[in-house]
Amino acid sequence: GQAIFRFDLEKLKKVMPEMYNEILSDIDKDLMILYQEGLVEIEYDEELNATIELTEEGHQIAKDMGIIPIDMDEDDIPND
């Protein structure tokens with residue numbers, strides 16, 4: 001199975017900015033894949049602030065990809 005890590009992104013940004021940037025870059029790439037597969041909807045408000053919403057299938061895939069935090073107390077842990 002895969003190792004599961006949880007990061008405090010604000011601390012990580014201060015302590016290890018390169019790793020922080022790499023994680024955000026990976027998340028951006030994964031979200032783009034989901035968007036291209038039609039599993040993400042993006043809406044903009046009048047100030048052009050984006051709101052990203054995942055379909056139900058997209059939400060599950062995002063969990064499997066590690067984009068969305070999993071609930072360690074639930075049945076979210078993959079390959080458990």
Side-chain angles (χ1 to χ4, degrees):
Q2 288 184 325
I4 299 173
F5 299 95
R6 179 177 286 182
F7 296 100
D8 179 333
L9 291 177
E10 289 304 313
K11 281 186 182 178
L12 187 65
K13 185 177 181 178
K14 293 175 186 173
V15 177
M16 299 180 72
E18 300 85 15
M19 185 174 183
Y20 171 83
N21 289 331
E22 186 68 29
I23 289 170
L24 289 188
S25 176
D26 288 346
I27 290 171
D28 287 346
K29 288 175 190 173
D30 290 343
L31 283 174
M32 186 57 72
I33 291 168
L34 293 174
Y35 176 77
Q36 291 170 341
E37 295 292 323
L39 301 172
V40 173
E41 295 179 9
I42 301 174
E43 294 184 17
Y44 296 92
D45 65 14
E46 47 289 333
E47 296 176 4
L48 297 180
N49 295 310
T51 301
I52 298 172
E53 193 167 323
L54 298 166
T55 65
E56 188 173 321
E57 181 184 4
H59 191 267
Q60 184 58 50
I61 292 171
K63 275 186 174 181
D64 294 343
M65 293 171 88
I67 299 173
I68 303 175
I70 61 173
D71 187 343
M72 299 298 283
D73 297 326
E74 297 292 325
D75 295 330
D76 284 347
I77 301 173
N79 302 318
D80 186 23

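- Between the NZ atom in Lys11 and the OH atom in Tyr20 there is a gap of 15.5 Å [rounded to 0.5 Å].
- Under the 4.5 Å side-chain criterion, counting only non-hydrogen atoms from C-beta, Ile68 is in contact with Leu54.
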Which pairs would a plain distance check flag for residues 23-37, meaning a side-chain donor or acceptor within less than 3.5 Å of a matching protein atom at least two apart in sequence or in another chain?
none

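- Once rounded to the nearest 0.5 Å, the distance linking NZ of Lys13 with CG of Asn21 reads 8.5 Å.
- Distance check: Glu43 CD to Asn49 CG gives 13.0 Å after rounding to the nearest 0.5 Å.
- Evaluation of the side-chain hydrogen bond (donor to acceptor under 3.5 Å, both in side chains) rule for Asp8 yields no partner, not counting sequence neighbours.
- Between Thr55 and Gly38, the shortest heavy-atom contact is CG2-O, 4.0 Å.
- The line from CG of Leu12 to CD of Glu18 is 9.5 Å long, rounded to the nearest 0.5 Å.
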